[in-house]
Amino acid sequence: MSLAKADNSRVLNGAGLTYDPQKNLDFWSSEDALQNCPQGVGSQTFPLFSSNQPDNLRNIPKQGRKILGKLSTISNGECKEFGTCLQIQGESQGMTSTQFANVASESVMDYTNEFTSDKIFKSKEELIQWTRNIGRKNGFVIVIKRSDLGSGGGQKARISFCCERGGQYRNKGKNKENKKEKQLRNVATKKCGCPFTLKGCKLGSDDNWMLEVVCGVHNHPITKPIGGRSYAGRLSKKETLLLIDMSKSKARPRDILVTLKDRDVDNASTIKQIYNARQRHNKLIKIPERSQIQQLLSKLSEHKYVEWHRSFDNSKIIKDLFWAHPVSINLLHAFPRVLVMDTCKTNRYNLLLLVIEGVTSTNMTFVVALAYLESEREDNYIWALERLRSVMDDNALPAVIISDKELALMNAIARVFPTAKHLLSRWHIARNVLTNCKKLFAINEIWEKFRMSWNLVVLSSNEDEFTDRLNALKKDFISYPEAIEYVMNTWLNNYKEQFVSAWTDKIMHFGNLTKNRVGSSHSMLKKHLRFGHCNFETSWGKIHSLLELQHTNIRASFDRSLKVVQDQFKTAEFEELQGFISTDALHMILRELKRAHSIGVDAHACGCIIRLTHGLPCAHEIAEFKRESQPIPLESIDSYWRMLDLVPISEKQKINSSCEPVFDLIAEHFDEVDDDTKLHILKKLTEIANAEFPLIETEAKKEIHGQPNSKGLSMIPTAQVKKKRQSKATVHTNKRLKSNKFAHFFPVGLLPYIHHIKDVVADGNCGFRAVADLMGFGEDGWLQVRKDLLNELNSNLEYYSLLYGTGETDERVKELIHALTYFESCPRHDRWMIMPDMGHLIASAYNIVLFHLSFQQCLTFLPLRSMPMPTNYRKDIAIGYVNNNHFVEVFLSLDHPVPPITTTWYKFCHACAEGWETVYTSRIEHFREVIGNNVATDEIIIDSSSDD
């Protein structure tokens, strides 16, 4: 027989030998070969043996359950060994081996030495990690083949490892019942029967393990790096948590993958694995044995949505479903006068989704409610609109409703809201005219002229102008009768009053004449639910996130209108409007102010369109105010534009119209407090009852919003005016602060700059309540503040561990997590707000400037990781610490001194955050001048030992 020596590749057997390039060796018999080559020889012709060899090799010796690939020849049906882990070049007849016919023998590699170790592993996890790291280092992936706890029969626990390419592909394409082939997609496998095997055994009763090499040979090429392999790209627990958080924020899979690779340069994940991980997570969070509609109803109930549904007769199958976010209901109560309705199909069940929107005074749309409807019949629309009608106040029903020309919806609107003016969306009409008329014009220039003439008809300012422009349209395009017939019969004959300016300019629609407003909720909703393949649960998740974002943006727009004053509105005309109406309304008034210079007081030339459609003073009214040398009065602005919170005007009027509820509340509170507090309340009531001047001083208001006109100053000596106004302002401020029971808890030098101190419920969550109320969430939003701060801490745990020090890092971080992870009322003192540590979390989580004030400590906290915002757009809040156990809200004057910025911010703020502090330099010096050295301005932990 003839055998060939191995090539100069890696070692072929456990002896650790390598050979010269291939040479043929001749032996007289197999016994002769065994005698002369006890350690084996190699060949490039035949593959290794394995446990899956054909039956004619069944006599090959085995070790355990694995055939170690003995080199042998077959002579007269007899199998003889040549050595361990060698290849065969036979001289016999009828010997077959096809399992690895496509694997070249020069790829055979032995890694026994790399995994041979006397190391004792302290745990099973340590063993697994060590094994996988060695495999990764050498360019292949090791997986767990089998794991046995060894609980029965006195057996010890053990675990076996193999190469990811070990074993064979199992074809599951056959149907065992009917023996027919299933329709399968194209499949492939990376398995090639690699014999590499390791075994780990547990030692004794302790959790100690050792590793044994069963077979260290690979029969395939080893490639480096291992990036792109499915097992190597698996996500760790930390990476999975990051993926879940980013998925909740609606981050795209490719963005998630980029973030993972930025954080770990060795990450080998692919985009497919990101999609698979998200899908697995979505399946895990689903409640078992619940249908999609049950999942949706469960989510609505969990988040306290307003929800109604109805079923088909004599069945439990839901026919229609109406739902609305609780904050959206509050917005509806505040802004009920204009509603926009549209429909779309954005789900895999082909159900109609009715979207009902409102518009705020800051010109932002919000989703009022949504309804899944079984069909587009009038009955379905009536049911949904009746549900909407049931959550509205009888005295605050919509005045204008905008939709497209869907007859069933139009009929339902007329029936449920008969007093509302129904307008048709101009955008919808323009799209229909484009679709149906453009194809009738062979020349594009003629079509453009027709479109411009049509737009002129729609924008006609009065009925006479409408008639003239319509006649011109008919005359100019008489050769296109189909186009004229379409616009007449489809739109103008029956619906011109619902979209032509000659009629709509007499309706107060606040500028809403189309359902496709820029940045509308509906367009954003369609973008979130793209392609219409979402199920109910997925759709709800995306819609809920959109609604939450809408509400946050709307609150921010209210805050900007209340606090930010642009330079162009600092003139005398806007003196009484700044901070009382929305910025959008100010811009429209500014345009009318410019018109007033040319129009004057001529009402006919003015047209008064903005007064009729928006409820704002028009050009000739503004000219009248200027002629009388008075600013534009707040009373001339419609209440719609003065609404800058979520409290309806009707409720405010009820509160202002009667003082009885207030006195009832005082009487109820009076009976519950102690004697000292009763004396305090009586003193305040006595001061109010005996006051001979208005509680809001006219002179003080003039000093804040502007100087007196030149005529007034010419009649009164300047010195006398300044002295009088200064005296009144000082008396007014001191009196108000003296009446506040918390005033003495703050530095005396700071009191002139505090114009109000607001108490919150003392239930152990007072610090979180104060922040929630100042952020616009209301006191009841304290739970959300806890969650936001906890998320800020967990998302940047390493960053805050460095910030909070090195010696006691773990303890301080654990203390903060412990304090924040309590979501019930009346927590113990170890769950209260911890200052100043939580000041950094508050400023960074909400991107705001936080002032912490007390008699013992005053500090300023700035965002740590965000770029500086312009001063006019910054939001700053102040909280006070009083009685050594309670937090309150503090409202400061615009020019108040600023406490020193925390030293920790200077040390640990990100490079992009540099510049936040520059605008406060002079005000910090002012603080040091008025306060002195009596108050600590360094970071010390406030210790609270009494109940809140």
Side-chain angles (χ1 to χ4, degrees), residues 132 136 141 143 164 185-190 223 225-288 290 292 295-296 298-299 302-303 344-350 353 367 519 521-550 552-553 787-788 790-792 794-799 845 865-866:
R132 287 175 174 170
R136 180 186 288 266
V141 177
V143 298
E164 66 170 348
R185 61 180 180 176
N186 292 331
V187 295
T189 180
K190 58 188 175 185
T223 58
I226 63 175
R229 302 188 191 179
S230 58
Y231 195 90
R234 287 186 178 182
L235 302 179
S236 64
K237 291 183 179 180
K238 185 177 180 180
E239 291 172 332
T240 302
L241 292 175
L242 177 61
L243 178 141
I244 294 172
D245 290 340
M246 294 186 68
S247 297
K248 289 179 180 178
S249 301
K250 306 306 173 189
R252 294 174 296 184
R254 63 183 180 184
D255 296 331
I256 297 175
L257 181 61
V258 170
T259 302
L260 292 176
K261 291 186 179 295
D262 286 343
R263 295 194 174 195
D264 183 8
V265 294
D266 297 325
N267 183 280
S269 302
T270 63
I271 192 67
K272 183 178 180 181
Q273 289 171 313
I274 301 299
Y275 277 104
N276 292 342
R278 293 210 316 176
Q279 183 66 19
R280 285 194 298 270
H281 171 70
N282 292 337
K283 289 183 178 180
L284 287 175
I285 62 176
K286 290 182 179 178
I287 301 176
R290 279 191 175 182
Q292 280 292 317
Q295 293 276 6
L296 175 57
S298 174
K299 290 290 185 182
E302 178 184 347
H303 290 80
C344 59
K345 293 184 178 179
T346 55
N347 54 84
R348 64 174 60 176
Y349 311 104
N350 207 33
L353 178 63
V367 174
S521 305
H522 189 232
S523 60
M524 295 178 63
L525 186 61
K526 283 186 175 181
K527 183 178 180 180
H528 277 67
L529 304 178
R530 61 173 75 97
F531 308 128
H533 298 311
C534 298
N535 55 31
F536 285 137
E537 186 180 11
T538 304
S539 298
W540 179 87
K542 295 181 177 181
I543 293 172
H544 178 70
S545 299
L546 175 63
L547 298 185
E548 294 284 342
L549 180 61
Q550 277 184 1
T552 301
N553 292 339
K787 293 180 179 179
D788 291 343
L790 183 62
N791 181 62
E792 168 70 17
N794 288 331
S795 300
N796 305 278
L797 196 58
E798 295 181 1
Y799 183 83
R865 304 181 310 280
S866 63

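Along the sequence shown, the residues carry numbers beginning at 1. If you're wondering where the values come from, they're calculated on a predicted model, not measured in any experiment.
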Does the pair Ile274 and Leu260 meet the rule for a side-chain contact (heavy atoms from CB on, under 4.5 Å), with working shown? CA-CA 10 Å; Ile274 301 299; Leu260 292 176; 3.6 Å; yes
Rounded to the nearest 0.5 Å, what's the gap from [atom1] on [X] to [atom2] on [Y]? Could you check?
X      : Y      : atom1 : atom2 : result
Gln273 : Leu243 : CD    : CG    : 11.5 Å
Leu546 : Ile543 : CG    : CD1   : 8.0 Å
His303 : Glu548 : NE2   : CD    : 7.5 Å
Gln550 : Ser545 : CD    : OG    : 11.5 Å

Check [X] against [Y] and note the closest heavy-atom contact, atom names and distance.
X      : Y      : result
Arg865 : Asn796 : NH2-ND2, 3.4 Å
Leu257 : Ile271 : CD2-N, 3.8 Å
Asp264 : Glu239 : OD2-OE2, 3.9 Å

Should Glu798 and Arg263 count as an ion pair when the cut-off is N to O under 4.0 Å? no
Is it the case that over 12 heavy atoms from other parts of the model lie below 6.0 angstrom from the NZ atom of Lys261? yes
Please walk me through it: do Arg254 and Val258 pass side-chain contact (heavy atoms from CB on, under 4.5 Å)? CA-CA 6 Å; Arg254 63 183 180 184; Val258 170; 5.6 Å; no
Could you check whether any side-chain N or O of Asn791 sits under 3.5 Å from a backbone N or O of Lys787, counting only pairs where one atom can act as donor and the other as acceptor? no
